[in-house]
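Below is one structure; the comments refer to it alone.
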Amino acid sequence: MSLDQMMEDEDARTNLIVNYLPQSMSQDELRSLFSSVGDVESAKLIRDKVAGHSLGYGFVNFVNPSDAERAISTLNGLRLQSKTIKVSYARPSSDMIKDANLYISGLPRTLSQPELEDMFARYGHIINSRVLVDQASGLSRGVAFIRFDKRAEAEDAVKHLNGHTPPGSSEPITVKFAANPNQARNSQMMSQMYHGQSRRFGGPVHHQAQRFRFSPMSVDHMSGGGGVSGNSSSGWCIFIYNLGQDADEAILWQMFGPFGAVVNVKVIRDFNTNKCKGFGFVTMTNYEEAAMAIHSLNGYRLGDKVLQVSFKTSKGHK
DNA sequence: CGACGGGACGC
DNA sequence: CGACGGGACGC
């Protein structure tokens, strides 16, 4: 047996994962709480890598397995502020358990959480699941999350159940990997933050040096030809090509926000992998600001790629 | 060298 | 209800 395996076996009986911690709880407070049960070898609060705020969960490794066991029985379900914490054994660390959270939509509104798990259980070990309900009515929204133990199990579930119509239903369900919470939030809420951005992306500076790059419909070439999509009430839709696969909504806000009123941004991702397909859209309210953004950002180098930025062409056209 | 989306992402 | 994968004296 390897040293890694021995240590893993040790950890399996002493290392706990603690979920649903209150936002304000610090790593010291986490350690302190669990020290009331026994000697804590280590306590780690997981934080956002860049922003540094708590992600609401952490790991506590005890010295003695018996204390870890007691911590589960005495602290699991403890109410702290508005939260009820969950204390359970941490699975051995592995990259196979990462990114195993699925997002399911189009579910029958009558489907309960146990029934949902029954549908998915054959593809692997379910760590947790949740059916989202409408706040006002308390009724199912037909949307759920399921976290599998292993990513491969989740992949298997996507493969078999995406597009599948449950017995007694008329509608196929969608099963895909869940976006991470940061990603999901960016599409809403950030519509206020395009003020105060630095000149990192040029900003609405006049007479900026131009980079000449091919763009089928950049403002420079826009005279005759194909229909530029929607002005009207929705604003001006801009097509951004050559984004990297990890591009997110935040980067689009950051790039276009300085040029004016941005009403919407969207990174187009592969349905299953959630990786960017290389392009996205930004809608801006005012033509002049959209034109300035296109003029300035077409040819902009983002990471190792040179962006092509233009008004979106009409649907169905290349 | 690749090229234009589209329901819902946490009660 | 609610953010489940860090860091690890290594290449």
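Every chain is numbered from 1, with letters handed out A, B, ... down the list of sequences.
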Out of B/dC4, C/dA3, B/dA8, which has the shortest distance to the side chain of A/Ser105? B/dA8
Evaluate whether atom CD of A/Glu69 has more than 12 neighbouring non-hydrogen atoms of other residues, nucleotides or ligands under 6.0 angstrom away. no
Base, sugar-phosphate, or nothing: which does A/Lys83 touch, judged by heavy atoms less than 4.0 Å apart? base
Could you work out which one of C/dG6, C/dC4, B/dC9 sits closest to the side chain of A/Ile127? C/dC4
Nearest-Å distance once atom C1' is located in both B/dG10 and C/dA3: 9 Å
Take A/Ile146 and A/Leu116, measure what side chain to side chain contact (heavy atoms under 4.5 Å, CB included) needs, and give me the verdict at the end. CA-CA 9 Å; A/Ile146 295 182; A/Leu116 174 76; 3.8 Å; yes
When the ring planes of A/Tyr241 and A/Phe239 are compared, do they come out parallel, tilted or perpendicular, using 30° and 60° as the limits? parallel
Integer-rounded Å distance: C/dA3 C1' and A/Tyr103 OH: 16 Å
Expressed as a whole number of angstroms, how long is the span from A/Asp11:CG to C/dG7:C1'? 11 Å
With a 3.5 Å cut-off and just heavy-atom distances, do the side chain of A/Arg47 and the base of C/dG6 make a donor-acceptor pair? no
Distance check: side-chain N/O of A/Asn242 vs OP1/OP2 of B/dG2, anything under 4.0 Å? no
For A/Gly106, report the nucleic acid contact type (base, sugar-phosphate, nothing); a contact means any heavy atom under 4.0 Å. base
How is A/Gln113 classified with respect to the nucleic acid when contacts are heavy atoms under 4.0 Å: base, sugar-phosphate, or nothing? nothing
Protein-nucleotide distance (A/Asn61, atom CG; C/dC4, atom P), rounded to Å: 20 Å
Test applied, salt bridge (Lys or Arg N to Asp or Glu O under 4.0 Å); reference residue, A/Lys275; option that passes from A/Asp246, A/Asp270, A/Asp99: A/Asp246
Determine the contact category for A/Ala90: base if any of its heavy atoms lies under 4.0 Å from a base atom, sugar-phosphate if only primed atoms, P, OP1 or OP2 are that close, otherwise nothing. base
Just N and O in the side chain of A/Arg130: are any of them under 4.0 Å from OP1 or OP2 of C/dA3? no
Euclidean distance, atom CD1 of residue A/Ile294 to atom C1' of B/dC4 [Å, nearest integer]: 13 Å
Give a yes/no verdict on base stacking between B/dG5 and A/Phe281: centres under 5.5 Å, planes within less than 30° of parallel. yes
Indicate, with a heavy-atom threshold strictly under 4.0 Å, whether A/Asp48 touches base, sugar-phosphate, or nothing. nothing
Donor-acceptor pair (no angle test) under 3.5 Å: A/Asn101 side chain, B/dG10 base: yes
Only one of A/Phe145, A/Phe177, A/Phe271 forms a ring-ring contact (aromatic ring centres under 6.0 Å, His included) with A/Tyr103, so which one is it? A/Phe145
Among C/dG6, B/dA3, C/dC4, the nucleotide that comes nearest once only the side chain of A/Lys98 is considered: C/dG6
Between A/Thr165 and A/Glu171, is any side-chain donor less than 3.5 angstrom from a side-chain acceptor? no
Which part of the nucleic acid, if any, lies within contact of A/Asn15, taking any heavy atom under 4.0 Å across all strands shown: a base, the sugar-phosphate backbone alone, or nothing? base
Contact class for A/Ile85 vs. all strands (heavy atom < 4.0 Å): base, sugar-phosphate, or nothing? base
Under the criteria of a ring-centre distance below 5.5 Å and an interplanar angle below 30°, is A/Phe145 stacked with the base of B/dG10? yes
Looking only at C/dC4, C/dG6, B/dA8, the nucleotide nearest the A/Ile46 side chain is C/dG6
Rounding to a whole Å, what distance do you find between A/Glu249:CD and B/dG5:P? 16 Å
Using the C1' atoms only, state how far B/dA8 lies from C/dG5, rounded to an integer number of Å. 27 Å
Quick note, A/Lys312 side chain, CB onward, closest among B/dA8, C/dC4, B/dG6 is B/dG6
Does A/Arg147 or A/Val133 map to a spot on DNA chain C nearer the 5' end, using the closest nucleotide for each? A/Val133
For the side chain of A/Gln308, starting at C-beta, report the closest nucleotide among B/dC9, B/dA3, B/dC4. B/dA3
Can you tell me how far P in B/dG6 sits from the matching atom in C/dG7, rounded to whole Å? 36 Å
Centre-to-centre under 6.0 Å for A/Phe59 and A/Phe34, is that the case here? no
Take atom CG of A/Asn180 and atom C1' of C/dG5, then tell me their distance rounded to the nearest Å. 14 Å
Classify A/Lys176 by what it touches in the nucleic acid, base, sugar-phosphate, or nothing, heavy-atom distance under 4.0 Å. base
Tell me if the side-chain of A/Ser93 makes a donor-acceptor pair with the base of C/dG7, cut-off 3.5 Å, by modelled atom types. yes
CD1 of A/Ile146 versus P of B/dG10: gap in Å, rounded? 17 Å
Report yes or no: is the ring centroid of A/Phe279 under 5.5 Å from the six-membered base ring centroid of B/dA3, with the two planes under 30 degrees? no
A/Ala179 has its side chain closest, among B/dC9, B/dC4, B/dA8, to B/dC9
Pairwise 5' ranking along DNA chain B for A/Thr283 and A/Tyr241, keeping only the more 5' one: A/Tyr241
In whole Å, what is the span from the NZ atom of A/Lys275 to the C1' atom of B/dG5? 20 Å
Do the side chain of A/His160 and the main chain of A/Asp156 share a donor and acceptor less than 3.5 angstrom apart? yes
Return the nearest nucleotide to the side chain of A/Leu55; candidates are B/dG5, C/dA3, B/dA8. C/dA3
